[in-house]
Amino acid sequence: MARAKAGPVRIDPHEDRRRRTILTPEGVRLPLTIASRGSRAAALLLDLVMIYAAMAATTAFLLWIGLSVLGIKPERLDDKTALGGALQALVITYFIAIFLFRNGWFLLFELGPRGATPGKRIVGIRVAARHGERLTTEAVIARNLLRDIELFMPLLFIGGALMSGDDVEIAAWAGLGWFLIFVLFPFFNRDALRCGDVIAGTWVVEAPRRKLEQALSIGQAAGVRSAATGTEYRFSEAELAIYGEYELQVLERVLRDDRPEAMADVAEAICRKIGWNVGRGDERAFLDAYYTQLRARLEHGMRFGKRKADKNTPGAG
Amino acid sequence: MSTNPGSTLAQRVTGWFGRSEDQAVAAAEQAALRSDRFRLEREPEWKRLEGIVARIEKGRMRRISDEDLLALPALYRTVASSLSIARETSLDRATIIYLEGLAQRAWFIVYGPRATLGGWMRRFLGGGWGASVRALGIDILIALVMMITGTVVGWLLVSSSPDWYYALVPGGDGDPRVPGASRDVLLKSLFGNQNEPALAVFASFLFSNNAQVSIMAYALGFAFGVPSILLLVHNTALLGALLWLYHGQGLTFELIGWLSVHGTTELFAILLAGASGIHIGRAMAFPRQASVLDAAAAAGRRTAQVMAGVVLMLIVAAMLEAFARQLLDSTAPRLIVGTAMLVFWIGYFFVWRRGQTAGPDAGDGA
């Protein structure tokens with residue numbers, strides 16, 4: 001791939017800043033988009049809600065077993081009877097379940113083929129290794145071990161102070177300060193890395209799921225003759241030479257959106273440039289024909305190494 | 001534009017897709033643009049890859065035939081090369097965006113986490129863990145020195161003024177282990193507790209508590225290792241204070257026996273957690289030729305394996321603390337168990353080596 005920068009024309013400058021390119025072992029450049037901080041926060045909140053719901057459900061379930069099914073009272077925990085043993089088993093299950101929810105939730109889901117927790121899946125983002133390396137088990141472990149101090153520590157901090165009853169205010173401020181340091185960390189680097197990402201060599205990227213859309217230049221639409229009016233739209237070299245790839249892609253978007261007002265505006269703009277006149281209501285056929293012929297011309301140029309990025313690029317045939 | 005139908009090529013490319021073949025070829029012949037013919041000829045392969053990838057992403061590995069699984073890498077390469085060609089010859093943005101997305105999804109699967117959890121566990125226990133511990137190198141010594149320093153400092157502080165004891169040891173009300181306690185009281189705290197109930201509950205509580213502390217010692221390495229060191233010193237200062245207290249009544253040996261049952265495992269685990277934290281901190285402070293980010297990432301991955309092991313060690317330690325210590329009610333067997341555990345860990349980490357593919361990232365080659 002000699003032409004590194006010859007990728008698709010960039011349209012959204014805001015999204016542009018989050019675009020990165022990785023080079024696969026096959027030598028293909030794949031574009032990635034860094035997940036926005038907002039979507040990551042949303043994913044985290046979703047996960048936390050799910051984790052706490054799961055914890056609460058587990059607690060309730062174990063309590064229900066203990067109190068209703070087995071009918072044992074808390075003070076019988078120390079009994080050497082079978083019932084005491086059953087109660088002990090419940091308490092142990094509780095401790096282990098809470099530990100696993102806290103430490104295992106992110107770990108197990110991110111090790112899966114989607115590299116994402118349920119919250120991340122809903123938002124449409126995933127974990128990946130930086131610079132196109134293989135995402136390893138170790139990396140996922142490392143990034144989630146740090147989650148503990150980023151997220152749960154300040155909560156414990158405040159919780160502990162509340163329980164003991166003194167220094168609540170100091171603990172709250174300290175916890176808040178601590179929390180802010182880690183929450184704000186992603187805002188101070190370009191790749192929106194949190195501390196765990198730094199340690200693990202990972203980043204979080206968008207995981208889009210796109211369908212292959214119908215080609216615009218195939219079938220009826222691509223014809224020269226308008227189906228509605230029978231007009232033939234055939235453009236000359238000079239009439240096609242005024243536009244470049246950028247305009248072609250804008251035109252593609254307009255055609256895919258299929259909004260009559262927008263198409264009328266674009267058709268009018270093109271007509272003004274090339275001195276044509278299109279009958280009202282036949283803009284779609286006109287634009288389809290123009291799109292197909294412009295693309296044919298530009299792709300023909302491409303094959304001979306001549307590209308025209310936009311209307312301001314001179315030459316190119 | 002020349003319009004060469006190229007039907008033989010189309011037949012070859014789409015030859016194995018049965019019914020869609022004829023349609024694809026027919027459509028390709030109709031298409032006016034060369035780039036559209038290219039797209040129509042390859043679309044069945046793209047769609048096949050998309051189907052396989054979608055099923056893997058949903059976790060339905062079992063519903064994928066062996067044939068599909070074998071075809072996955074080849075299909076991935078086909079799509080990657082289609083993408084390169086499309087970028088050079090096609091201006092159909094929809095196709096390029098679709099191919100970029102598909103190639104990305106397939107890339108994540110082809111180059112995703114290789115091992116299943118079970119396979120990772122086997123590699124981890126069968127040498128990977130020990131290799132990663134050895135990779136810590138000098139940081140284990142640094143952590144060890146810090147822990148010894150902490151113990152000595154704790155001892156010295158308390159012996160200079162017993163008030164320090166209350167600051168270091170977080171004793172609840174009614175804890176008999178305070179300065180000035182009689183020999184009998186202290187002795188009773190070490191022996192004769194085998195009838196203490198709910199040992200298993202105690203063990204699970206101990207484990208989750210200790211694991212959380214060691215994860216913290218590791219994670220705090222992020223701040224150039226300083227908090228990890230502080231945590232190590234603080235925790236071992238407590239140990240020093242306890243030693244001083246029992247030493248005052250001539251019970252040093254008994255206390256060491258009481259501690260060693262689980263302590264050799266637990267302190268070893270804390271040592272490794274602290275060493276991992278220091279390892280990361282040192283890698284970030286002195287990254288050598290690499291950038292700080294790369295150095296941190298390399299250290300983080302190396303130590304993550306150690307930390308998974310630390311959690312395992314703490315499970316063992318909690319079991320020992322809750323069961324073995326209460327069941328062995330005299331100093332000699334306690335010391336034997338403690339020493340045996342220490343010898344086991346040292347042998348497992350430093351003596352037993354298998355395979356020379358050291359390092360956690362080894363064996364991950366594509």
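Every chain is numbered from 1, with letters handed out A, B, ... down the list of sequences.
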So does A:Thr136 get a backbone contact from the side chain of B:Arg301, meaning a donor-acceptor N/O pair under 3.5 Å?
no

Given heavy-atom pairs under 4.5 angstrom as the criterion, report whether the side chain, backbone, both or neither of B:Phe124 touches chain A.
neither

When rounded to the nearest 0.5 Å, the distance separating OG1 of A:Thr24 from OH of B:Tyr111 is 6.5 Å

Name the region of B:Lys47, side chain, backbone, both or neither, that has any atom closer than 4.5 Å to a heavy atom of chain A.
side chain

Side-chain contact, heavy-atom cut-off 4.5 Å: A:Leu30 with B:Leu83?
yes

Is it the case that the side chain of A:Gln249 and the backbone of B:Arg93 share a donor-acceptor pair, with hydrogens and angles ignored and the cut-off at 3.5 Å?
no

Can you name the nearest heavy-atom pair linking A:Arg130 to B:Ala297, along with the distance?
NH2-CB, 4.0 Å

Looking at every non-hydrogen atom in both residues, tell me the closest pair between B:Phe108 and A:Val205 and how far apart they are.
CZ-CG2, 4.1 Å

Are the side chain of B:Arg87 and the backbone N or O of A:Arg29 linked by a donor-acceptor pair below 3.5 Å?
yes

A:Ile98 versus chain B, the contacting section by heavy-atom distance below 4.5 Å:
neither

What are the two closest non-hydrogen atoms of A:Pro113 and B:Ile56, and how far apart are they?
CG-O, 3.3 Å

Contacting region of B:Ser276 [heavy-atom separation from chain A under 4.5 Å]
neither

Nearest heavy-atom approach of A:Ile199 to B:Tyr218 is CG2-OH, 4.0 Å

Passes side chain to side chain contact (heavy atoms under 4.5 Å, CB included), A:Ile22 versus B:Trp107? Steps please.
CA-CA 11 Å; A:Ile22 54 165; B:Trp107 176 76; 3.6 Å; yes

Among A:Ala207, A:Gly201, A:Gly115, which has the most heavy-atom pairs under 4.5 Å with chain B?
A:Gly201

Side chains of A:Glu138 and B:Trp120 in contact at under 4.5 Å (non-hydrogen atoms):
yes

Between NE2 on residue A:His300 and CZ on residue B:Arg34, distance to nearest 0.5 Å:
9.0 Å

Would you say A:Leu193 and B:Leu293 make side-chain contact, with heavy atoms under 4.5 Å?
yes

Quick check on A:Arg256 against chain B: is it the side chain, the backbone, both or neither that has a heavy atom closer than 4.5 Å?
side chain

Within 6.0 Å of OH in A:Tyr94, more than 12 heavy atoms from elsewhere:
no

What is the distance from atom CG of B:Asp92 to atom OH of A:Tyr291, rounded to the nearest 0.5 Å?
4.5 Å

Proximity breakdown for A:Ala200 and chain B, heavy-atom pairs closer than 4.5 Å:
backbone

Before giving the answer on salt bridge (charged side-chain N to carboxylate O under 4.0 Å, His left out), spell out for B:Glu57 and A:Arg126 the whole-Å C-alpha distance, their side-chain angles and the decisive distance to 0.1 Å.
CA-CA 12 Å; B:Glu57 281 176 344; A:Arg126 63 161 295 147; 5.6 Å; no

Taking atom CE of A:Met55 as the centre, does the number of heavy atoms from other residues, nucleotides or ligands within less than 6.0 Å exceed 12?
yes

Under 3.5 Å: donor-acceptor pair, side chain of B:Gln104, backbone of A:Pro31
yes

Atom group of A:Leu298 that falls short of 4.5 Å from chain B, counting heavy atoms:
both

Can you confirm whether B:Asp36 sits close enough to A:Glu299 that some side-chain heavy atom of one is under 4.5 Å from a side-chain heavy atom of the other?
no

Looking at A:Met302, A:Arg295, A:Glu133, which one has more heavy-atom pairs under 4.5 Å with chain B than the rest?
A:Arg295

